[in-house]
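Just so we're on the same page: letters track the sequence lines, and every chain starts at 1.
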There are 2 protein chains.
Amino acid sequence: MRVLVVDDDVQIIRAMRINLRARGYDVDTAADGASALRLATEHLPQVVLLDLGLPDMEGVEVIQRLRGWSQVPIIVLSARHSAGEKVRCLDSGADDYVTKPFGMDELLARMRAAERRAVPLEEAPVVRTGSFEVDLGAKRVLRNGEEVRLTPTEWHILELLARNAGQLVSQRQILHDVWGPNYQNETNYLRVYLAQLRRKLEPDPAHPRYLITEAGRGYRFEREG
Amino acid sequence: MRVLVVDDDVQIIRAMRINLRARGYDVDTAADGASALRLATEHLPQVVLLDLGLPDMEGVEVIQRLRGWSQVPIIVLSARHSAGEKVRCLDSGADDYVTKPFGMDELLARMRAAERRAVPLEEAPVVRTGSFEVDLGAKRVLRNGEEVRLTPTEWHILELLARNAGQLVSQRQILHDVWGPNYQNETNYLRVYLAQLRRKLEPDPAHPRYLITEAGRGYRFEREG
DNA sequence: GAGGACCATGACTGATCCTTCACGGCTTGT
DNA sequence: ACAAGCCGTGAAGGATCAGTCATGGTCCTC
């Protein structure tokens with residue numbers, strides 16, 4: 001669940017990032033309207049928390065430009081209690097308007113409410129190869145139409161590689177993403193799990209076509225065999 | 001555009017009725033939870049404005065019973081500033097929570113926001129498997145043409161899985177949806193209830209074909225055996 | 001107040017998964 | 001050719017997770 005936090009106050013950004021991370025959100029942050037709009041197009045967050053009073057743009061303008069192409073829930077955070085501002089934001093397309101100071105619990109509840117009724121816009125993110133397909137939404141892998149059973153760790157690694165299909169993912173990055181920051185030297189694990197993934201997915205596990213090793217650098221998910 | 005105003009204060013009822021009428025709404029009013037629920041079923045309002053502190057029923061209960069069959073936007077109006085109350089209402093299914101005193105303009109803007117994103121209600125889908133069918137609209141399960149009796153909790157879990165048929169649903173998500181945010185570690189419950197569901201629905205409960213466990217990941221409703 | 005339905009909770013057993021190690025092949029540089 | 005890394009493979013112990021059964025509690029009905 002990805003959330004985009006837009007605020008020009010570094011303190012707030014930090015506090016929000018910590019709080020939201022702890023609740024299991026992936027957090028993007030932006031300090032101005034332009035980078036907010038860019039990040040929104042790149043990462044497609046499921047919720048946007050928008051502070052008013054950005055340096056480069058009116059809040060209403062950010063809302064309108066987001067609404068130009070996206071239905072993502074927007075929750076406005078603001079210190080201004082002006083009723084007119086609330087009405088303008090809500091009528092521009094914001095979903096909710098919370099005035100500072102607010103409790104984190106309340107904000108989280110409002111985020112859940114917004115997510116709950118969000119249009120399930122989903123484009124089906126499925127990564128296909130010549131031999132199997134990875135359904136990132138359903139969290140499952142099909143090979144010849146049959147489901148392949150993966151363990152949590154196996155899936156975690158495969159998902160990471162598939163989301164970066166065609167690109168090299170470094171060993172450090174995999175270890176960090178899957179096992180956390182304290183396992184960056186356990187390249188052992190990668191060898192074991194990559195072997196298991198190949199055994200389950202590759203036509204000829206001894207000569208991988210899709211899960212490619214780049215010696216000393218990392219691994220790469222290749223779509224075309 | 002019909003709106004249902006629920007409040008036990010005659011003054012407020014009158015004021016709201018006048019204000020909303022002037023904006024072109026058709027207004028129903030109820031002074032307690034029971035008549036609110038009855039009016040909601042009879043007139044199918046497009047928005048519900050719900051005051052807390054009704055004489056006969058907790059606000060959360062009204063929300064839950066409405067949500068049992070309706071997706072109508074619910075905006076809670078309350079003099080209580082307690083954060084816990086807000087969280088409970090929002091997590092029970094309320095769309096917004098406005099604290100008194102509030103400006104009429106703000107309320108109207110929030111109503112417009114709620115109406116805007118209200119989904120035109122979907123047709124009741126039925127999820128079929130080789131052994132039974134789940135009627136999400138009628139909230140019941142048929143097996144060999146006969147109704148299977150499910151307890152509320154069993155149904156809640158089955159409904160969640162069936163709505164996401166084919167997709168993996170994590171344990172956390174089920175626990176959060178069914179028991180609330182404070183039960184995310186009670187994986188015990190899932191084991192017990194999944195066993196009960198299998199006993200009632202699976203042809204061979206010891207070897208489930210439709211309610212699939214993925215160890216460490218979650219559960220999956222599988223349509224095809 | 002007796003009974004039944006439903007829920008919460010704990011204990012036990014079996015299954016699954018993770019970690020770790022050992023060994024051998026392959027590549028690279030000297 | 002040899003040594004040193006790096007990688008792939010298989011297997012074993014221990015940790016974690018799931019299925020099952022049993023128990024006590026609460027609420028509602030009769």
Side-chain angles (χ1 to χ4, degrees), chain A residues 139 141 147-159 161 168-172 174-175 177-180 182-220, chain B residues 58 61 64 139 141 147-159 161 168-222:
Chain A
K139 292 188 189 300
V141 184
E147 171 156 6
V148 180
R149 206 143 244 268
L150 297 186
T151 72
T153 308
E154 288 165 6
W155 170 259
H156 204 330
I157 294 171
L158 181 64
E159 181 182 25
L161 293 175
L168 177 70
V169 183
S170 74
Q171 302 190 358
R172 290 179 63 95
I174 305 177
L175 288 167
D177 261 45
V178 177
W179 282 274
N182 302 323
Y183 289 75
Q184 311 221 341
N185 298 318
E186 306 287 339
T187 58
N188 242 345
Y189 297 1
L190 294 185
R191 296 209 293 277
V192 172
Y193 278 100
L194 263 293
Q196 277 172 0
L197 281 172
R198 285 173 180 143
R199 203 175 311 136
K200 294 184 177 181
L201 300 177
E202 291 276 359
D204 178 3
H207 303 93
R209 296 165 61 185
Y210 307 106
L211 299 169
I212 310 296
T213 301
E214 305 231 351
R217 305 205 292 141
Y219 293 88
R220 190 155 40 86
Chain B
E58 277 296 314
E61 189 182 349
Q64 288 170 342
K139 291 190 182 303
V141 185
E147 174 158 6
V148 180
R149 266 190 83 79
L150 297 186
T151 72
T153 307
E154 288 165 5
W155 169 258
H156 204 330
I157 294 172
L158 182 65
E159 179 183 28
L161 292 175
L168 181 71
V169 184
S170 72
Q171 305 190 18
R172 289 178 60 100
Q173 189 180 339
I174 304 177
L175 288 167
H176 182 277
D177 262 46
V178 177
W179 282 273
N182 300 323
Y183 288 76
Q184 310 218 342
N185 299 318
E186 306 290 338
T187 59
N188 245 345
Y189 299 1
L190 294 184
R191 298 208 291 278
V192 173
Y193 278 99
L194 263 292
Q196 279 171 357
L197 281 171
R198 284 174 181 141
R199 210 173 306 137
K200 293 185 178 181
L201 299 176
E202 291 276 358
D204 178 3
H207 304 94
R209 295 165 61 185
Y210 307 108
L211 300 169
I212 309 296
T213 300
E214 305 230 358
R217 301 217 294 152
Y219 293 89
R220 185 198 308 278
F221 186 109
E222 199 70 68

Peer 1: For C:dC18, take OP1 and OP2 only and decide whether either is under 4.0 Å from a side-chain N or O of A:Y193.
Peer 2: yes
Peer 1: Pull out every protein N or O sitting under 3.5 Å from an N or O of nucleotides 10-15 of chain C, one pair per line with the distance.
Peer 2:
unit_1	atom_1	unit_2	atom_2	d
C:dG10	N7	B:N188	ND2	3.4

Peer 1: Report the distance from atom CD of A:E214 to atom P of D:dC7, rounded to the nearest whole Å.
Peer 2: 11 Å
Peer 1: Does A:E214 have any salt bridge (charged side-chain N to carboxylate O under 4.0 Å, His left out) partners at least two apart in sequence or in another chain, and if so, which?
Peer 2: A:R217, A:R220
Peer 1: List the residues meeting side chain to side chain donor-acceptor pair (under 3.5 Å) with A:D204, not counting sequence neighbours, and say none if there are none.
Peer 2: A:H207
Peer 1: What is the distance, to the nearest angstrom, from the NE2 atom on A:H156 to the P atom on C:dC17?
Peer 2: 16 Å
Peer 1: Pair up each side-chain donor or acceptor in residues 193-203 of chain A with any protein partner under 3.5 Å, not counting sequence neighbours, and list the distances.
Peer 2:
unit_1	atom_1	unit_2	atom_2	d
A:R198	NE	A:L211	O	3.0
A:R198	NH2	A:L211	O	2.8
A:R198	NH2	A:T213	OG1	2.6
A:K200	NZ	A:R149	O	2.9
A:K200	NZ	A:E154	OE1	2.8
A:K200	NZ	A:E154	OE2	3.4
A:E202	OE1	A:R209	N	2.9
A:E202	OE2	A:R209	N	3.2
A:E202	OE2	A:Y210	N	2.8
A:E202	OE2	A:L211	N	2.9

Peer 1: Could you give the CG-to-C1' distance, from A:L150 to C:dC18, as a whole number of Å?
Peer 2: 15 Å
Peer 1: Cut-off 3.5 Å, no hydrogens considered: what does the side-chain donor-acceptor table look like for residues 173-181 of chain B, sequence neighbours left out?
Peer 2:
none

Peer 1: Mind checking what makes side chain to side chain donor-acceptor pair (under 3.5 Å) contact with A:Q184, not counting sequence neighbours?
Peer 2: A:R172
Peer 1: Does B:N188 have any side chain to side chain donor-acceptor pair (under 3.5 Å) partners at least two apart in sequence or in another chain, and if so, which?
Peer 2: B:R191
Peer 1: Roughly how far apart are A:H156 NE2 and A:L150 CG, rounded to 0.5 Å?
Peer 2: 13.0 Å
Peer 1: Identify, between B:T153 and A:R149, the residue whose nearest nucleotide on DNA chain C lies closer to the 5' end.
Peer 2: B:T153
Peer 1: Send over the distance from B:Y183 OH to C:dA8 P, rounded to a whole Å.
Peer 2: 7 Å
Peer 1: Does a nitrogen or oxygen in the side chain of B:T213 sit under 4.0 Å from OP1 or OP2 of D:dA18?
Peer 2: no
Peer 1: Could you check which residues of residues 194-207 of chain B get a heavy atom under 4.0 Å from DNA chain C? Sort them by number, please.
Peer 2: none
Peer 1: Is there a side-chain polar atom (N or O) of A:T151 under 4.0 Å from OP1 or OP2 of C:dC18?
Peer 2: yes
Peer 1: Would you give a per-nucleotide map of nucleotides 24-30 of chain C, 5' to 3', where B means the base has a protein non-hydrogen atom under 4.0 Å away, S means only the sugar-phosphate does, and - means neither?
Peer 2: -------
Peer 1: Among residues at least two apart in sequence or on other chains, which ones pass side chain to side chain donor-acceptor pair (under 3.5 Å) with A:E186?
Peer 2: none
Peer 1: Output the rounded distance in Å from CG (B:L190) to C1' (C:dC7).
Peer 2: 14 Å
Peer 1: In whole angstroms, how far is the C1' atom of D:dC6 from the CG atom of A:N185?
Peer 2: 14 Å
Peer 1: Which parts of residues 170-179 of chain B get close to DNA chain C, meaning a heavy atom less than 4.0 angstrom away?
Peer 2: B:W179
Peer 1: Is A:Y219 near enough to D:dG8 that one of its side-chain N or O atoms lies under 4.0 angstrom from OP1 or OP2?
Peer 2: yes
Peer 1: Separation of B:I212 atom CD1 from D:dC17 atom C1', in whole Å?
Peer 2: 17 Å
Peer 1: For side chain to side chain contact (heavy atoms under 4.5 Å, CB included), just list the numbers for B:I212 and B:Y219, CA-CA rounded to whole Å, side-chain angles, deciding distance to a tenth of an Å, and then say yes or no.
Peer 2: CA-CA 6 Å; B:I212 309 296; B:Y219 293 89; over 6 Å; no
